[in-house]
Chemist: 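Got a structure here, written out as structure tokens. Questions coming.
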Amino acid sequence: MSFWEYVRTTHQQLLTDAYQHASVVFQCMVVATALGVLIGVTTYRSAWAGNVATTAGSMLLTIPSLAMIGLLIPLVGLGVPPTVIALTLYGLLPVVRNAIVGLRGVDPALTEAARGIGMSRLARLLRVELPLAWPPILTGIRVSTQMLMGIAAIAAYASGPGLGNEIFRGIASLGSANALNQVLAGTVGIIILALLFDAAYVLIGRLTISRGIRA
Amino acid sequence: MPDAPPASPPPAASPGDGDGSAAGRRSDSHGATIELEALTKRYPGSGAPAVDNVNMEIRAGETVIFVGPSGCGKSTTLKMINRLIEPSGGRIRIGGEDVTDIDPVRLRRKVGYAIQSSGLFPHMTVAQNIGLVPRMTGWRKTRIKERVEEMLDLVGLDPGEFLGRYPRQLSGGQQQRVGVARALAADPPVLLMDEPFGAVDPITRDHLQDELIRLQQELHKTIVFVTHDFDEAIKLGDRIAVLRERSHIAQFDTPEAILTNPADDFVSGFVGAGAALKRLNLSRVRDVEITDIPTVTVDTPLQQIFNSLRASGTSEILLLDRNHRPYKWLRRGDLMRAKGSLARAGTLVTDTVTRDATLRDALEAVLTDSSGRAAVTGRRGEYIGVVDMETLMNSVHELLEEDRLEALEHQHDLETTRSAQTHAEQEGGDAGGRKA
């Protein structure tokens, strides 16, 4: 059976897997972004706290994803929970780091001007600092998403959702007629999803980054 | 809270040219007094205070310039007025109210703040930047919009063109204007300016200074302005505080008094050479006699132009364009040589001065203009009159004479106080008297 024939016959299953893959990455990214920006906002003003946050994130990232999911199974069981926890943790670092870098990169003259014209701490953060730090934060989110696309495939190891199932099934039945097709379908699916997400981020950037600071 | 309606008159109703005092009376004085009492800033870990025991009273509607060498604490002193830097000791009173311990955000909404390189937020449009403070204080949308347009008009930018622009689409001078507009948007009684024109080129700086003078004639805010440029201080200040290290006040007086009667070597060193020339910066064209010369416009029939030329005692007449702006100097014979063509005859007017221009600018214009006089123009560039060398010389002689008398009087006062203080210091007063 050729690759195209395989895709045609199993497209229902592939679409479901792809949808679940995209869905889990998207939801984890939302949580990771919220958490990451929050961590960035609370730590960027102190050199010490900011460095701790970034270092902790880097350390998390060095844990092999397979090991991370494996370690989570005894704690939270199989299926969706270990997938979501692992993906969120991996997604944090680029967002945290770029949030800290972005917020620290805001021209001090501007924050002082904001103070000088009578903006409260919260107003300065929401109206001046975060909008100015948003481009690097968005880049962080983009990098995170790309990374999670690949890592999410590993989730199938813990019976998680997504295109990883396709790949794992292929690997488990190596030598059989459709083994290669399965691995290929899963991989190509992930690449396509990653490209679609990237296109979406370009659009989001267009819509949310002020024309005044767009490169 | 900005309870008052916009202070400045609607732009359409503003006077054609610099009749500033009348405009000032129409837009009631909005300034507030500022009193600094034993104001001190001490940074932890450093022995000597950065600002040491500053006492100063600034009158409502007055422009006071802090001038001094780098690192003398002038900027720190300014930032303590809106408590961007919290004082370690002393009191600040604005309009009689002690603001040393009130919520700094509330304080800063009453105190406009403009800084070097404008401090505009690059991600906001001009309109959003200017409307920021009014929006935070809860103005209605329509009122904010009106106010933003009014402010742009006030600083000489066309609202239609600039409202939607981002700061990076503006020149340095335009950014600075918007910065001032933002600082004034909520109509604060006090305006603090921290070297606002430090980062623009000299020509633009000159324009901005003129604009500020015009603005202040309309608005009568209390302005505290920091600069290290003494010439800028002379040009803008009602009074100048010359500061030395740790913000000690070396002299706090009118520009005239500082120029003619510097308190000590530090001040005279800072004033620099050419005090007499600098004195020219302190008087404006409006203060001297403006003479009239015969004018014709480009629409005047040629025959009439010939007649005017022949009739004029001066051998020159001024040709105005359709908007009554000075266009060309015409001398006898010019028209002949150009074979009756107005387009080719005469020499172009290269330099004009407004009534707000300083005598120094006027002198410059007179020296460079081929006819030895400079045309004086109104706000829209229309012809008002001319100044020439003779008028300038006479005025300057009068001014210097007045200054000399004033300085003598000042010196005399000083002597009296000193002799009253101690008998021994009477000789010191005599020594000072000789200097004048």
Chemist: Counting only non-hydrogen atoms closer than 4.5 Å, does Leu120(B) touch chain A with its backbone (N, CA, C, O), its side chain (CB onward), both, or neither?
Modeler: backbone
Chemist: Report the distance from atom CD1 of Ile85(B) to atom CD of Glu112(A), rounding to the nearest 0.5 Å.
Modeler: 7.0 Å
Chemist: Should the heavy atoms of other residues, nucleotides or ligands under 6.0 Å from CZ of Phe3(A) be counted, would the total exceed 12?
Modeler: yes
Chemist: Non-hydrogen atoms of chain A under 4.5 Å away: do they reach the side chain of Arg106(B), the backbone, both or neither?
Modeler: neither
Chemist: Contact part of Arg127(A) toward chain B, heavy-atom cut-off under 4.5 Å: side chain, backbone, both or neither?
Modeler: both
Chemist: Quick one: does any side-chain atom of Arg115(A) pair with a main-chain N or O of Leu84(B) as donor and acceptor, under 3.5 Å?
Modeler: yes
Chemist: Ala113(A) and Gly119(B): which non-hydrogen atoms are nearest, and at how many Å?
Modeler: CB-O, 3.8 Å
Chemist: Against chain A, work out which of Gln128(B), Lys79(B), Gln116(B), Arg83(B) has the most heavy-atom pairs shorter than 4.5 Å and name it.
Modeler: Lys79(B)
Chemist: If I measure from the heavy atoms of chain A, does Tyr113(B) come under 4.5 Å with its side chain, its backbone, both, or neither?
Modeler: both
Chemist: Report the distance from atom CD1 of Ile117(A) to atom CG of Asn82(B), rounding to the nearest 0.5 Å.
Modeler: 11.5 Å
Chemist: So for atom CZ, which belongs to Arg121(A), do other residues, nucleotides or ligands contribute more than 12 heavy atoms lying within a distance under 6.0 Å?
Modeler: yes
Chemist: If you look at every heavy atom in His123(B) and Pro131(A), which pair is closest and at what distance?
Modeler: CD2-CB, 3.4 Å
Chemist: What pair of heavy atoms forms the shortest contact from Ser210(A) to Pro122(B), and how long is it?
Modeler: OG-O, 4.4 Å
Chemist: Out of curiosity, Met124(B) CE to Ile213(A) CD1, how far, rounded to the nearest 0.5 Å?
Modeler: 10.0 Å
Chemist: At what distance, to the nearest 0.5 angstrom, does CZ of Arg109(B) lie from CE of Met119(A)?
Modeler: 8.5 Å
Chemist: Between Pro167(B) and chain A, which part of the residue has a heavy atom less than 4.5 Å away: side chain, backbone, both or neither?
Modeler: neither
Chemist: Check the surroundings of atom OH in Tyr157(A): do more than 12 heavy atoms from other residues, nucleotides or ligands lie under 6.0 Å from it?
Modeler: no
Chemist: Under 6.0 Å from the CZ atom of Arg42(B), do we count more than 12 heavy atoms belonging to anything else shown?
Modeler: no
